[in-house]
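Here the structure is laid out as structure tokens; the discussion comes afterwards.
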Number of protein chains: 2
Amino acid sequence: MTLPLPGSQVRGSITGKPIMALLDLLGRTWALGIIWNLHSGPATFRELQQRCEKISPTLLNTRLKELKTLQLIESQEAGYQLSPQGVDLYEVISPLGAWSSQWAQALKEERK
Amino acid sequence: MTLPLPGSQVRGSITGKPIMALLDLLGRTWALGIIWNLHSGPATFRELQQRCEKISPTLLNTRLKELKTLQLIESQEAGYQLSPQGVDLYEVISPLGAWSSQWAQALKEERK
DNA sequence: CTTAATGCTACAATATTTGTAGCAAAGTTA
DNA sequence: TAACTTTGCTACAAATATTGTAGCATTAAG
């Protein structure tokens, strides 16, 4: 899969608008999950693999490379961690946690 | 793919935590894109297809069904539109628009 | 009647993801 | 220093997901 670099064509879009690149990136399996799981602190490869419950090493590595190139994560001695940009992105999406709970609740009510 | 219903096991997670269901859902190709493109108003099937630039009808229909079941969108006479929950979710993710611009900018600077 | 647009479905081709195995390098322990 | 362990990751084939094109049934004009 080609890297969704803002400014160039990305999967599913020919305009190359930054939002399209971002939606392409975040729409890839596990991309959101990795960012989500990394926000609780740096992790080594195997540690991150466990936080993600069920990701295959192949894909984890692929995603890590992409996220690194796009500057959302970086690798230090402590392992992989969110870059300043990554932290910033996490802050944007962090309300999803609370939102998902109320969503789950609503769906549950509904099914009564 | 099985529907990521909060409370039950979802792709990539065995815990069934709402956030995992949500991350699974949003991590599917085009799910975020559909929500994003629907926020500007209701759209018919073919119209939505065009807003999404390059989605195949097969997948569009699959995603629409999922999003409908999970109550993020609904279909009315005007076509498909975000449900109240969907609007709410959109509001959570809408800062991604601005974020993506500054991200694109930062990447550009970087490559100088 | 025709013709045109719409909401899809069929289905084969292509691309992505998983899962298991395992290897090389870097510690640890004895 | 000679085993072990652990870690970061690659190989690769099987399983799944996505695309793309064609086209069909319905409804709506003309």
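Residue numbers start from 1 in every chain, and the chains themselves are labelled A, B, ... in the order their sequence lines are given, proteins ahead of strands.
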Whether R51(A) side chain and N37(A) backbone form a donor-acceptor pair below 3.5 Å: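 Indeed, once roles are kept as given, a pair shorter than 3.5 Å links the two residues.
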
Reported CH2-to-CG distance for the pair W103(A) and L70(B), which is rounded to 0.5 angstrom: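 W103(A) atom CH2 to L70(B) atom CG measures 5.0 Å (nearest 0.5 Å).
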
Q49(B) side, atom CD; N61(B) side, atom CG - distance, nearest 0.5 Å: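 It is 10.0 Å, given to the nearest 0.5 Å.
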
Provide, to the nearest angstrom, the distance between the [atom1] atom belonging to [X] and the [atom2] atom belonging to [N].
{"X": "L60(B)", "N": "dC8(C)", "atom1": "CG", "atom2": "P", "result": "9 Å"}
{"X": "K65(B)", "N": "dT9(C)", "atom1": "NZ", "atom2": "C1'", "result": "9 Å"}
{"X": "K54(A)", "N": "dT16(D)", "atom1": "NZ", "atom2": "P", "result": "12 Å"}
{"X": "Q49(A)", "N": "dT20(C)", "atom1": "CD", "atom2": "P", "result": "12 Å"}
{"X": "E77(A)", "N": "dT7(D)", "atom1": "CD", "atom2": "P", "result": "17 Å"}
{"X": "I55(B)", "N": "dT18(D)", "atom1": "CD1", "atom2": "C1'", "result": "10 Å"}
{"X": "K68(A)", "N": "dG8(D)", "atom1": "NZ", "atom2": "C1'", "result": "11 Å"}
{"X": "L48(B)", "N": "dC8(C)", "atom1": "CG", "atom2": "P", "result": "11 Å"}

Donor/acceptor link under 3.5 angstrom from T44(A) side chain onto base of dG8(D):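 Answer is no: no donor-acceptor pair is held.
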
Polar pair under 3.5 Å, donor/acceptor by atom type, side chain T29(A), base dA17(D):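 Side chain to base: no pair below 3.5 Å.
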
Return the nearest nucleotide to the side chain of [X]; candidates are [options].
{"X": "R46(A)", "options": "dT21(D), dG19(C), dG8(D)", "answer": "dG8(D)"}
{"X": "L59(A)", "options": "dG19(C), dT17(C), dC8(C)", "answer": "dT17(C)"}
{"X": "S56(B)", "options": "dT17(C), dC9(D), dG20(D)", "answer": "dG20(D)"}
{"X": "N61(A)", "options": "dT10(D), dG19(C), dT16(C)", "answer": "dT10(D)"}

Please produce a list of atom pairs where a protein N or O lies less than 3.5 Å from an N or O of nucleotides 27-30 of chain D.
none

Single-linkage hydrophobic cluster, 4.5 Å side-chain cutoff, L3(A) and L67(A) together: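 Per the 4.5 Å side-chain linkage, L3(A) and L67(A) are co-clustered.
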
Sugar-phosphate, base or nothing in reach of R11(B), heavy atoms under 4.0 Å: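 Nothing, no nucleic acid heavy atom in range.
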
Sugar-phosphate, base or nothing in reach of T58(B), heavy atoms under 4.0 Å: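 Base, at least one base heavy atom under 4.0 Å.
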
Q76(B), E77(B), E47(B), Q81(B) screened by side-chain contact (heavy atoms from CB on, under 4.5 Å) with P42(B), the one that passes: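 One option only clears the test, and that one is Q81(B).
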
Between S83(A) and E74(A), a side-chain donor and acceptor under 3.5 Å: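 Short answer, no.
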
Modelled atom types, side-chain donor and acceptor of K54(B) and S13(A), under 3.5 Å: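 The answer is no; no qualifying pair exists.
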
Side-chain N or O of Y80(B) closer than 4.0 Å to phosphate OP1/OP2 of dT6(C):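 Answer is no, no contact under 4.0 Å.
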
